[in-house]
Amino acid sequence: MFPYLIHILILLAAGSTQAAYKLQERYSWNQLDFAFPNERLKEQAIASGDYIPQNGLPVGVEHFGNRLFVTVPRWRDGIPATLTYINMDHSLTGSPELIPYPDWRSNTAGDCANSITTAYRIKVDECGRLWVLDTGTVGIGNTTTNPCPYAVNVFDLTTNTRIRRYELRAEDTNPNTFVANIAVDIGKTCDDAYAYFSDELGYGLIAYSWEQNKSWRFSAHSYFFPDPLRGDYNIAGLNFQWGEEGIFGIALSPIRSDGYRILYFSPLASHRQFAVSTRILRDEERTEDSYHEFIALDERGPNAHTTARVMSDDGIELFNLIDQNAVGCWHSSMPYTSQFHGIVDRDDVGLVFPADVKIDEQKNVWVLSDRMPVFLLSDLDYSDINFRIYTAPLGELIENTVCDLRNNVYGPSNTVTLPQQPQAALPALPAPAPPPRVTSIYQPSYLRPKTQLSTNWAPAPLAPANSYLPAERPSSGQSISSVTVSQGLLPNGLDVPKAYVFNQHNGLNYETSGPHMFPVHQPAGQREGLKNYVNARQAGWWHHHH
């Protein structure tokens, strides 16, 4: 009996060790290396200063097929290529050399028409195209020069050729503009495509239409600005202030029933997330008169700065938590409140500044960590591993977190109660619809039939209790069946409050007196099950990880 118990304990210990780190390290570097055509040319580049190994910092990652793309901005001298990739067939693990994409010539700094000078975040769409915004800059902060204009570059990944270059208009930027993030919105066809770019230091959001080959800028919104109370950071033993950093991380929801998505965004100097329908962003006429179409969600909690976010086709948002050396999650069928935010992984060594988070066409997650504050404000130890790329299946990452609804205790409600006080109306946020079929070079997982997490899956409510723009509703506190709500019918000819149509499936009631911890109109058994579930989270896993 005793040896048997020892065996069981060993297995449990091994399991707990593995569970402690769900993300698996795939690649790592002390310093970046590049795949020069031969060793002689590499030596010449080092001798001339065209290649200074200690000056490279990876900031963006994206996956497609057998290639893992990595971007390296030209913040310092000696960066031979800014848009690179790893051939994963040849380099399964280790510290591979970065291969310039699509070739060396296309990475020539200052060759504006033919090359990319500096790339940050990049995005592969479901049509097999790689979207790259060339900032045209060399240097960072006070050392920045602009040899080239901001330009959108799109590559066909089957032919490895650039199929479009579009320079942003002068009206799309300002003297402070610094664009680092991109989101790509594909509609009914591959031509029905838009890209959105967040202007972190110029405090704006730029939209680009593929079909019109035209761009426009949203800048008249205070939600793009930093929060003056959230400009202090403590990362890797360094205390510093990035108080001017505005809108940064952006992510798109799945397509809704009206054919549009929701764009979620956060300023870097902020603990709050905001949202707006792409119905607004796609319309050039709405750049100046859409203030009330933007929605403020709750704060994530303390130490919750984030620079990167991504949302899966089934509504799971992942975001980096740079203060916590962690990656967080939120299932968008739940309210955007801290009790519904989870930690999928944390590592105080390997995840120091998890700079980028992506979900690929096979629903694998990729995370790049790069110790950026140490690189910028101190000195990296190049005898140590400084840069890492991790991966894990999305399902395994969220398992046993509050974002895992596969064992769903949040069962749907049959009724929606309308709160009492009338307030200002929210924009329409329709329920999600299956994504339309896209004319595509390849067929990714989210365009193939799939099993949903819940047969009653619903998108995130964008108007929690303390939203600054709550929904308009009638004064009578009536309880209405979800069928009646979904049909837009109310007794006495009352209009359906749009935010409550949007929330009909999750049975949550948002009142002006404050957020509810539990669905208030669920059957007692479901409500008690949820209460026990959340209490268990708070008593054990939640406090341990938060």
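All values derive from a computational prediction rather than experimental measurement.
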Closest approach of [X] and [Y], non-hydrogen atoms and distance?
X	Y	answer
Leu351	Ser369	CA-CB, 4.1 Å
Asp134	Ile116	OD2-CA, 3.4 Å
Asn160	Leu157	OD1-O, 3.5 Å

Exercise: do [X] and [Y] side chains pair donor with acceptor under 3.5 Å:
X	Y	value
Asn239	Asp232	yes
Asn364	Thr391	no
Tyr101	Ser106	no

- Is the NZ or CZ atom of Arg286 both under 6.0 Å from the centre of the six-membered ring of Tyr291 and within 45° of that ring's axis?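 No, Arg286 does not sit over the ring of Tyr291.
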
- Give a yes or no on whether Glu244 atom CD has more than 12 heavy-atom contacts from other residues, nucleotides or ligands under 6.0 Å away. no

Centroid-to-centroid, [X] to [Y], below 6.0 Å?
X	Y	answer
Phe340	Trp330	no
Tyr120	Phe178	yes
Phe197	Tyr150	no

Could you tell me whether the side chain of [X] and the main chain of [Y] form a donor-acceptor pair under 3.5 Å?
X	Y	answer
Thr71	Gly60	yes
His292	Phe294	no
Gln324	Asn303	yes
Arg164	Trp210	yes

Would you call [X]-[Y] a salt bridge at under 4.0 Å N-O?
X	Y	value
Arg67	Glu62	no
Glu284	Lys214	yes
Asp125	Arg129	yes

In terms of ring plane angle, is the pair [X] and [Y] parallel, tilted or perpendicular, where the classes change at 30° and 60°?
X	Y	value
Tyr233	Trp242	tilted
Tyr223	Phe274	parallel
Phe375	Trp75	tilted

So do [Y] and [X] actually touch side chain to side chain, heavy atoms under 4.5 Å?
X	Y	answer
Leu394	Ile316	yes
Thr82	Thr117	no
Leu168	Arg217	no
Ser198	Phe265	no
Cys329	Leu397	no
Val72	Leu57	no

- Using the salt bridge (charged side-chain N to carboxylate O under 4.0 Å, His left out) rule, pick out the option among Arg256, Arg261, Lys123 that qualifies with Asp185.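 Only one option passes, and that is Arg261.
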
- Item | Option among Thr173, Thr177, Thr137 that satisfies the side chain to side chain contact (heavy atoms under 4.5 Å, CB included) test with Asn146 | Thr137

- Ser266 and its side chain to side chain donor-acceptor pair (under 3.5 Å) partner, picked from Arg300, His271, Arg272: Arg300

- Message: Going by ring-ring contact (aromatic ring centres under 6.0 Å, His included), name the residues that satisfy it together with Phe248, two or more places apart in sequence or in a different chain.
- Response: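 ring-ring contact (aromatic ring centres under 6.0 Å, His included) list for Phe248, sorted by chain: empty.
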
- Determine, step by step, whether Thr189 and Asp191 satisfy the side chain to side chain donor-acceptor pair (under 3.5 Å) criterion, reporting the C-alpha distance in whole Å, the side-chain angles of both residues, the deciding distance to 0.1 Å, and the verdict. CA-CA 5 Å; Thr189 68; Asp191 286 333; 5.1 Å; no

